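So the structure is just underneath, and the comments pick up after that.
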There are 2 protein chains.
Amino acid sequence: MRDKRAIRDPEGTKKAILDGAESVFAERGFAGASIREIARRSGASGPLVLFHFHSKDELYRAVKERIVTSWSEGKGGAMPPEGTAENFIEDMIKTSFGFYRDNPNMVRMANWGRLEGDDAPWSGEEDIHKWYEKSIKEAQARGEIRDDISPLSVTVMICGAVHVWWEYHGHIEEHVKHGSYDMVSDEKYLKDLTSMVLRGLKP
Amino acid sequence: MRDKRAIRDPEGTKKAILDGAESVFAERGFAGASIREIARRSGASGPLVLFHFHSKDELYRAVKERIVTSWSEGKGGAMPPEGTAENFIEDMIKTSFGFYRDNPNMVRMANWGRLEGDDAPWSGEEDIHKWYEKSIKEAQARGEIRDDISPLSVTVMICGAVHVWWEYHGHIEEHVKHGSYDMVSDEKYLKDLTSMVLRGLKP
DNA sequence: GTCTATAAACCGATAGAC
DNA sequence: GTCTATCGGTTTATAGAC
């Protein structure tokens, strides 16, 4: 939250607005977010938000861009080291598991965006998937994992299983609370998933 | 010439409003839907919508209730027959695959609801999951599937893999279009997933 | 750059004629 | 039961003072 004084600090103001906007957009989506609420959370006035970002659309784009940039500047985009197929699959699951855990705002905004009709891949996503596809195909060619299953199926299955664990955490807890299932920890789920996929892909 | 009363058709109007509301809520979520748009799609006036359903909240609840009721009155809630663990798992995946394919509005509304903060299970969901848990535990006790993996992990993994296939269909197609992966058909994905899970769960 | 005031459009909901 | 007209509130965005 910015200082109450009307001092001129355009860069600080912009950052505060982006921070506030990110939290509101992640929480409520594009349609549910209001510039007033973004202004309130960032300590600026509504018109000041629009002075710096021109429109709600442009602010949304700026928030998305900052998230992607800051993620790819971290170790987010790093490709795992080469190794056996088993190591690669293990790493693929672990990395994607950590991604969902560590980037909740990015994941929530992507989910809102998908429902709101935006199917375009986020920047950086492409490269990772090309790397996944290549690694799976090579492992199949070397005979380390079964080749009767499509690389796309492998990726979607793993991403889906990880995605749902984090996205439906509250929902799953509700089921456990109502008497279905015994709860399992994040670590146990990661272990179960990895073990199940590794065996499922054995030739 | 018909009496003016003859064109009054409260039941037909209610149905048309529920139809319109379902399509708008599924498309845009609760916050993004407007009563004016619902009125437009159902051929009624805005006030007539509120005359029949009192408020936007109540209309939303009525839409949800109708979806659940009509689903559970179909064969939706039917439990699969008993059999070997292999048959049960196969059926569990197939049924859940068909559910996502055949109930897009219900699935979209559940997704909007989750992002909007509603974690309560939908009516009917509970029973199915209790049945899943029971069947998996029994199969583990009989030694037909491995028992080092939690029944919750099995269910979440399967639901997640199915969920993402249908929810991210457009997104996946974008990836394929941009050069990652060769596309696979719905049937091929179902076959790959089933085969991978069955082998992954073998003792 | 930052504010207050306000425009113009749209929102959910109501009043009242028929 | 269905409509038109309209209320009070909120929305994004702009005008203009400082």
Side-chain angles (χ1 to χ4, degrees), chain A residues 1-64 109 112-113 116-118, chain B residues 1-64 109 112-113 116-118:
Chain A
M1 177 85 75
R2 279 179 72 251
D3 198 302
K4 221 193 312 185
R5 290 162 303 165
I7 52 166
R8 299 189 179 202
D9 177 14
E11 288 314 308
T13 301
K14 274 190 177 180
K15 189 191 172 306
I17 292 171
L18 284 171
D19 290 344
E22 182 179 317
S23 81
V24 178
F25 282 134
E27 197 177 304
R28 309 191 188 170
F30 183 81
S34 77
I35 289 178
R36 280 168 129 89
E37 176 63 15
I38 292 168
R40 199 189 62 74
R41 283 196 207 182
S42 55
S45 66
L48 188 54
V49 170
L50 291 175
F51 169 79
H52 283 293
F53 293 95
H54 191 67
S55 74
K56 190 181 172 184
D57 273 278
E58 197 178 294
L59 175 57
Y60 188 77
R61 265 179 269 126
V63 168
K64 260 180 80 164
M109 281 186 67
W112 283 112
E116 285 162 351
D118 177 15
Chain B
M1 182 79 183
R2 270 192 174 178
D3 182 37
K4 213 178 169 193
R5 262 169 210 278
I7 66 167
R8 296 191 181 187
D9 176 15
E11 287 314 307
T13 302
K14 274 190 177 181
K15 188 190 174 306
I17 292 171
L18 284 171
D19 290 344
E22 183 179 316
S23 82
V24 178
F25 282 135
E27 196 176 303
R28 310 191 187 170
F30 183 81
S34 78
I35 289 179
R36 282 173 163 81
E37 176 62 16
I38 291 168
R40 199 189 62 76
R41 282 196 209 182
S42 55
S45 65
L48 188 55
V49 170
L50 291 175
F51 170 79
H52 283 292
F53 293 95
H54 190 67
S55 74
K56 190 181 173 185
D57 273 278
E58 197 178 295
L59 175 56
Y60 188 77
R61 263 179 271 125
V63 169
K64 260 180 81 164
M109 281 186 68
W112 282 113
E116 285 163 350
D118 177 16

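Note that the structure is a prediction, hence the values are computed from the model and not measured. Chain A is the first sequence line, chain B the second, and so forth, proteins listed ahead of strands; every chain is numbered from 1.
One can place CG of A:Leu50 at 16 Å from C1' of D:dG16, the figure rounded to the nearest angstrom. Rounded to whole Å, the distance from CZ on B:Phe51 to C1' on C:dT14 is 13 Å. We find that CG of A:Leu48 is positioned 9 Å from P of C:dG1, with the value rounded to whole Å. The nearest whole Å value for the distance from the CD atom in A:Glu37 to the C1' atom in D:dT11 is 14 Å. Atom-to-atom, CG of B:Asp9 to P of D:dT2 comes out at 7 Å; the value is rounded to the nearest Å.
Annotation: proximity of residues 23-33 of chain B to DNA chain C (heavy atom, distance under 4.0 Å) is found for B:Ala33, numbered in ascending order. Sorted by residue number, the members of residues 53-60 of chain B with any non-hydrogen atom under 4.0 Å from DNA chain C read B:Ser55, B:Lys56.
In this structure, A:His52 and A:Arg36 both approach DNA chain C, and ranking their closest nucleotides by distance from the 5' end singles out A:His52. The residue among B:Pro10 and B:Pro47 whose nearest nucleotide of DNA chain D lies closer to the 5′ end is B:Pro10.
Heavy atoms only, all atoms of each residue included: A:Ala16 and A:Ser42 are closest at O-CB, 3.1 Å. Across B:Ser45 and B:Ala39, no two heavy atoms sit closer than the pair C-CB, 3.7 Å. Of all non-hydrogen atoms in A:Ala31 and B:Gly32, the two that sit nearest each other are CB-CA, 4.3 Å.
Residue A:Ile35 is in sugar-phosphate contact alone, with no base atom involved, counting any heavy-atom pair closer than 4.0 Å across all strands shown.
With sequence neighbours left out, the side-chain hydrogen bond (donor to acceptor under 3.5 Å, both in side chains) criterion links B:Ser23 to B:Arg41. Residues passing the side chain to side chain contact (heavy atoms under 4.5 Å, CB included) test with B:Thr13, sequence neighbours excluded: B:Ile17, B:Leu48, B:His52. Considering only residues two or more places apart in sequence or on other chains, B:Arg28 meets the side-chain hydrogen bond (donor to acceptor under 3.5 Å, both in side chains) condition with none of them.
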Distance-only donor-acceptor hits, side chain of residues 56-64 of chain A, under 3.5 Å, sequence neighbours excluded:
residue: A:Lys56; atom: NZ; partner: A:Phe30; partner atom: O; Å: 2.9
residue: A:Lys56; atom: NZ; partner: A:Ala33; partner atom: O; Å: 2.9
residue: A:Lys64; atom: NZ; partner: A:Asp118; partner atom: OD2; Å: 3.0

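The distance from the CH2 atom of B:Trp112 to the CD atom of A:Glu116 is 4.5 Å, given to the nearest 0.5 Å.
In terms of phosphate contacts, B:Ser34 brings no side-chain nitrogen or oxygen within less than 4.0 Å of OP1 or OP2 of C:dC10. The side chain of A:Ser45 contributes an N or O atom lying less than 4.0 Å from OP1 or OP2 of C:dC3.
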